[in-house]
Protein chains: 2
Amino acid sequence: MPRPRASRLDPERRQTLLAVAAEEFAEHGFDGASYNRILERAGFSKGVAYYYFEGKDDLYAAVLALTLDTLAQRFGAWQRPADADGFWRALRERYFALTTHIVNDERSARLLRSMSQARTHPKLQEAWLRFEGPLVAWFQRVLADGRALGAVRGDVPESLLLTSLMGIGQATDGWLLEQWAHSGVPALQRGAEQVFSLFEDLLVPKPVGPPPAKRR
Amino acid sequence: MPRPRASRLDPERRQTLLAVAAEEFAEHGFDGASYNRILERAGFSKGVAYYYFEGKDDLYAAVLALTLDTLAQRFGAWQRPADADGFWRALRERYFALTTHIVNDERSARLLRSMSQARTHPKLQEAWLRFEGPLVAWFQRVLADGRALGAVRGDVPESLLLTSLMGIGQATDGWLLEQWAHSGVPALQRGAEQVFSLFEDLLVPKPVGPPPAKRR
DNA sequence: ACCAGTATTAGACCAGTGGTCCAACCATCG
DNA sequence: CGATGGTTGGACCACTGGTCTAATACTGGT
């Protein structure tokens, strides 16, 4: 939790600090980033830094909060679609918006990726909980809506679907970047299309019967 | 890469060092682990340590190699099944063996989990490459066999399937542990069953046609 | 038996880490 | 004016992974 007096810090200095910190954290991740270096570059002395922030983890949390706010703002709220088709259209739209965003804003993307370290990092658990909550809640609403519309399977715990979805999403994020790096934008779009089809295969209700007929 | 002379180190002392290191790395992850503490506990001086190992990363790699060797040995080689049914049976068997192993051997499990940090850690890239290769190769063989047998879809790049599979596997690993912690062994088994069904849904060839009929 | 040369060892030492602490500064208020 | 309390710089701390050196143990050759 940031110190209450953090809000009293001159907005301009605060902005500088957060920008420098974002750069450093994005570049090196949480552990790799040097707090001393951040403070030096931002022109902060130790005393000031620890006066306004509790420490490295607190600053990291502040940076993350900023990034996530921007992201959330960009995507707007989730509204329950009218039917299953609408559900998939809405989801697809978000996913593609997200991939474009990740490709276009490298710093935010790296920062977001560093969050995966945060989940297991002992010093970041508090920070993680602050962000996991809203994020998970968002996904849960989406999944619940999907179920209500018959667009998402109900034969498996929602928490499992959620976990799997985020796992795939994170793993394929790296894969997409590779596609992009190797073969450019068209490959990225094709790749995103294929990733999304995996999401569908995972979430769509399964036919009741025995194993599907073989093709080929 | 471990120093060549590492093999000349007294096997007993080596064993002690690796055991202590495994404990420390499993407990705290790579960054969190203290090299100094490991050396102290194992009764090694700095001089000896750096004489036989290149550094923290090298020691970590050695520990990881040991763990993965044990794991590989335990599971034996993958042999191409006769048909699609055999493929799924073989895969299912491995997966359940893995989950039991992870539940029973906490230290190895934690160590394996720490590998996900290794993938992106700058100091561990060399170590990562040494282990990523064989692991990915194993999965690739499995997937290729599955395709040849018509048990695995061919409409999406193999690399994407591989990435997604490992992503889900990793994400659901944590989920399974939660199930186990909350509701005991039966829940774990049920959970593993469900996770595996997700694997199937992801990998199985998809029917050509339009969206599946709604249930409920 | 002796010595040269190499393998091995302990630990002082180094720059850098995140974090603590305190003396000084400065503004406001009585 | 003095007192109070919010600010500030930076010395300092224990610890990090890593380097280096000087001493010791061990070797083979003469």
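Within every chain, numbering begins at 1; the chains are lettered A, B, ... in the order of the sequence lines, protein sequences first and strands thereafter. Please read all numbers here as calculations on a predicted model, not as lab measurements.
Here C:dT8 presents its P atom at 9 Å from CG of B:L9, a figure rounded to the nearest Å. One atom, OH of B:Y50, and another, C1' of C:dT9, lie 16 Å apart when rounded to the nearest Å. Rounded to whole angstrom, the span from the NZ atom of A:K123 across to the C1' atom of C:dG18 amounts to 6 Å.
Looking only at distances, a side-chain donor or acceptor of B:T172 sits under 3.5 Å from a matching main-chain atom of B:G169. Between the B:T99 side chain and the B:F96 main chain, a donor and an acceptor come within less than 3.5 Å of each other. Under a 3.5 Å cut-off, the side chain of B:K56 and the backbone N or O of B:F30 do form a donor-acceptor pair. Although no hydrogens or angles enter the test, the distance criterion places a donor-acceptor pair under 3.5 Å between the side chain of A:T100 and the main chain of A:A97. Here the side chain of A:S116 pairs a donor or acceptor atom with the backbone of A:R113 at under 3.5 angstrom. In this structure a side-chain-to-backbone donor-acceptor pair under 3.5 Å is missing from A:K123 to A:A118.
Contact between the side-chain N/O atoms of A:K46 and the OP1/OP2 oxygens of C:dC22 is not found at any separation under 4.0 Å.
The C1' atoms of five pairs define one axis at each end of the helix from C:dA1-D:dT30 to C:dG30-D:dC1, and these two axes lie 30° apart (to 10°).
By the 6.0 Å contact criterion, CZ on A:R74 is open, its count of non-hydrogen atoms from other residues, nucleotides or ligands being 12 or less. Around atom CD of A:E126, no more than 12 heavy atoms belonging to other residues, nucleotides or ligands sit under 6.0 Å away.
Only A:S45, listed by number, bring a heavy atom of residues 14-45 of chain A to less than 4.0 angstrom from any atom of DNA chain D.
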Write down the protein N/O and nucleotide N/O pairs, taken from nucleotides 5-7 of chain C, whose separation is under 3.5 Å; answer none if there are no such pairs.
| unit_1 | atom_1 | unit_2 | atom_2 | d |
| --- | --- | --- | --- | --- |
| C:dA7 | O3' | B:R8 | NH1 | 3.4 |

Residues 36-45 of chain B, side-chain donor-acceptor partners within the protein, below 3.5 Å, at least two apart:
| unit_1 | atom_1 | unit_2 | atom_2 | d |
| --- | --- | --- | --- | --- |
| B:N36 | OD1 | B:K46 | NZ | 3.0 |
| B:R37 | NE | B:E24 | OE2 | 3.1 |
| B:R37 | NH2 | B:E24 | OE2 | 2.6 |
| B:R41 | NH1 | B:E24 | OE1 | 3.4 |
| B:S45 | OG | B:V48 | N | 3.4 |

Output a table of donor-acceptor pairs, distance under 3.5 Å, between side-chain atoms of residues 14-23 of chain B and any protein atom two or more places apart or on a different chain; print 'none' if there are none.
| unit_1 | atom_1 | unit_2 | atom_2 | d |
| --- | --- | --- | --- | --- |
| B:T16 | OG1 | B:E12 | O | 2.8 |
| B:E23 | OE1 | B:R107 | NE | 3.0 |
| B:E23 | OE1 | B:R107 | NH2 | 2.5 |

Assess whether side chain to side chain donor-acceptor pair (under 3.5 Å) is satisfied between A:D31 and B:H121, documenting all intermediate values.
CA-CA 10 Å; A:D31 281 312; B:H121 202 294; over 6 Å; no
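Using a 4.0 Å heavy-atom distance criterion, B:G47 is classed as a base contact. Among the atoms of the strands shown, only primed sugar atoms or phosphate atoms (P, OP1, OP2) are found under 4.0 Å from some heavy atom of A:K56.
The nucleotide range of DNA chain D contacted by chain B, defined by atoms under 4.0 angstrom from heavy atoms of the protein and reported 5' to 3', is D:dT16 to D:dT19.
Between A:A61 and A:A127, the shortest heavy-atom distance links the atoms CB-CB, 3.8 Å.
Here the rule is ring pair (Phe, Tyr, Trp, His ring centres under 6.0 Å) with A:F199, and of A:Y95, A:F87, A:W88 only A:Y95 fits it.
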